[in-house]
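Here the structure is laid out as structure tokens; the discussion comes afterwards.
Remember, it's 1-based here, ligands and their atoms both numbered in the order they're listed.
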Amino acid sequence: MTKYLISADRGEEAKTIIAQTIIDTGVIIKVLQAVPGSEVLIEVKESGVDKVLNSFKKKGLIVSEIKEVVTHDPERCISCGQCVSLCPTKAFSFDEDDTLVYDESKCVLCKLCLDACPRGALKPPQN
Ligand code: SF4
Ligand code: SF4
């Protein structure tokens, strides 16, 4: 699955374009986050990416691919849990030893967790 970001200024319009693109291409586009006034995050299966991007382009919708996500440093993490409830996609959980587990495949780079970590264990992409 590949994640893409649609800028906030096209947010409302994007919903209609996404719906039409699903109809036009037959490719499922999963909306991961669509908060009014914010960027819209979508996920597309690798096999359908070309079709979807071509369809978006024809409709004038430019998207940017999310290639990197937040990283978690287990050496710095003290499993305090302050990041857990903030994450809209439930990327954080605890294992049976109450140690924090981070599933980066669920990160949509909303960045809500970054300032919450008192240990600097969560870092944004470096590029
Ligand atoms: S940036 Fe942090 S809060 Fe946002 S989705 Fe990724 S892990 Fe969750
Ligand atoms: S807020 Fe930071 S230290 Fe606390 S559990 Fe999350 S990553 Fe670990």
Side-chain angles (χ1 to χ4, degrees):
M1 301 290 263
T2 311
K3 293 174 189 161
Y4 295 93
L5 199 58
I6 300 167
S7 67
D9 60 327
R10 303 292 303 273
E12 283 307 306
E13 197 185 351
K15 290 178 202 165
T16 307
I17 295 176
I18 288 167
Q20 189 58 51
T21 301
I22 292 171
I23 294 166
D24 292 347
T25 63
V27 178
I28 297 297
I29 302 169
K30 200 168 155 190
V31 178
L32 300 175
Q33 187 172 289
V35 179
S38 297
E39 294 156 321
V40 177
L41 281 148
I42 60 169
E43 197 171 55
V44 183
K45 263 190 188 174
E46 314 291 346
S47 58
V49 161
D50 287 347
K51 274 187 188 173
V52 166
L53 293 187
N54 281 335
S55 185
F56 279 168
K57 198 172 171 186
K58 282 180 195 161
K59 296 175 176 75
L61 187 70
I62 307 298
V63 297
S64 52
E65 183 179 349
I66 296 179
K67 292 181 177 164
E68 293 186 81
V69 293
V70 161
T71 55
H72 172 244
D73 181 352
E75 299 296 317
R76 295 191 68 84
C77 180
I78 52 172
S79 297
C80 69
Q82 292 191 50
C83 54
V84 177
S85 63
L86 291 172
C87 181
T89 61
K90 302 194 184 335
F92 302 108
S93 59
F94 290 103
D95 68 11
E96 61 278 2
D97 299 321
D98 289 330
T99 299
L100 188 91
V101 177
Y102 171 50
D103 180 354
E104 68 173 40
S105 71
K106 292 184 176 174
C107 179
V108 294
L109 205 58
C110 70
K111 301 183 181 174
L112 288 173
C113 60
L114 296 177
D115 290 338
C117 181
R119 294 276 299 152
L122 300 167
K123 301 279 187 205
Q126 294 307 304
N127 59 4

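Contact annotation: C87 places no N, O or S atom under 2.8 Å from atom 2 (Fe) of ligand 1. Counting backbone and side-chain atoms alike, C83 contributes no N/O/S atom closer than 2.8 Å to atom 8 (Fe) of ligand 2.
Residue H72 touches ligand 2 through its side chain alone, judged by heavy-atom distances below 4.0 Å. If you look at V84 next to ligand 2, there are no close heavy atoms at all, none under 4.0 Å. At a heavy-atom distance under 4.0 Å, only backbone atoms of S79 (N, CA, C or O) approach ligand 2.
Side-chain contact between L53 and Y4 is present, with at least one heavy-atom pair separated by less than 4.5 Å. When side chains are defined from C-beta on, F56 does not count as touching V44, because their heavy atoms never get closer than 4.5 Å. Using a 4.5 Å cut-off on side-chain heavy atoms (C-beta onward), K3 and E65 make no contact. Contact of the F94 side chain with the L100 side chain is registered, since non-hydrogen atoms from C-beta on lie closer than 4.5 Å. Side-chain contact check for I66 versus L41: some heavy-atom pair is nearer than 4.5 Å.
The nearest protein atom to atom 6 (Fe) of ligand 1, hydrogens excluded, is given as C107 SG, 2.3 Å; this is a heavy-atom distance. Looking at atom 4 (Fe) of ligand 1, its nearest protein heavy atom turns out to be C110 SG, 2.2 Å. The nearest heavy-atom contact from the protein to atom 1 (S) of ligand 1 is K111 N, 3.1 Å. In this structure, the protein non-hydrogen atom closest to atom 2 (Fe) of ligand 1 is C113 SG, 2.3 Å. The nearest protein atom to atom 5 (S) of ligand 1, hydrogens excluded, is given as V108 N, 3.3 Å; this is a heavy-atom distance.
The local environment of CG in D103 is crowded, with over 12 non-hydrogen atoms from other residues, nucleotides or ligands closer than 6.0 Å. Summarising the local packing, NZ of K15 is surrounded by more than 12 heavy atoms from other residues, nucleotides or ligands at distances under 6.0 Å. Within 6.0 Å of atom NZ in K59, more than 12 heavy atoms from other residues, nucleotides or ligands are found, so the atom counts as buried in its surroundings.
The G81 neighbourhood of ligand 2 comprises atoms 4 (Fe), 5 (S), with distances under 4.0 Å to a heavy atom of that residue. Below 4.0 Å from some heavy atom of V70 lie the following atoms of ligand 1, by number and element: 1 (S). Residue contact check: Y102 has heavy atoms under 4.0 Å from atoms 7 (S) of ligand 1. For ligand 2, the atoms lying closer than 4.0 Å to a non-hydrogen atom of C77 are 3 (S), 5 (S), 7 (S), 8 (Fe). With ligand atoms numbered from 1 in the order given, ligand 2 contributes 1 (S), 2 (Fe), 3 (S), 7 (S) to contacts under 4.0 Å with heavy atoms of C117. Those atoms of ligand 1 with a heavy atom of F92 less than 4.0 angstrom away are 7 (S). Proximity to L122 (heavy-atom distance under 4.0 Å) selects the following atoms of ligand 2: 7 (S).
The option with the heavy atom closest to atom 3 (S) of ligand 2, from among T99, L114, I78, V101, is I78.
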Kindly indicate, with the supporting measurements, whether the criterion side-chain contact (heavy atoms from CB on, under 4.5 Å) is fulfilled by Y102 and L122.
CA-CA 10 Å; Y102 171 50; L122 300 167; 5.5 Å; no
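Within the 4.0 Å heavy-atom shell around ligand 1 one finds T89.
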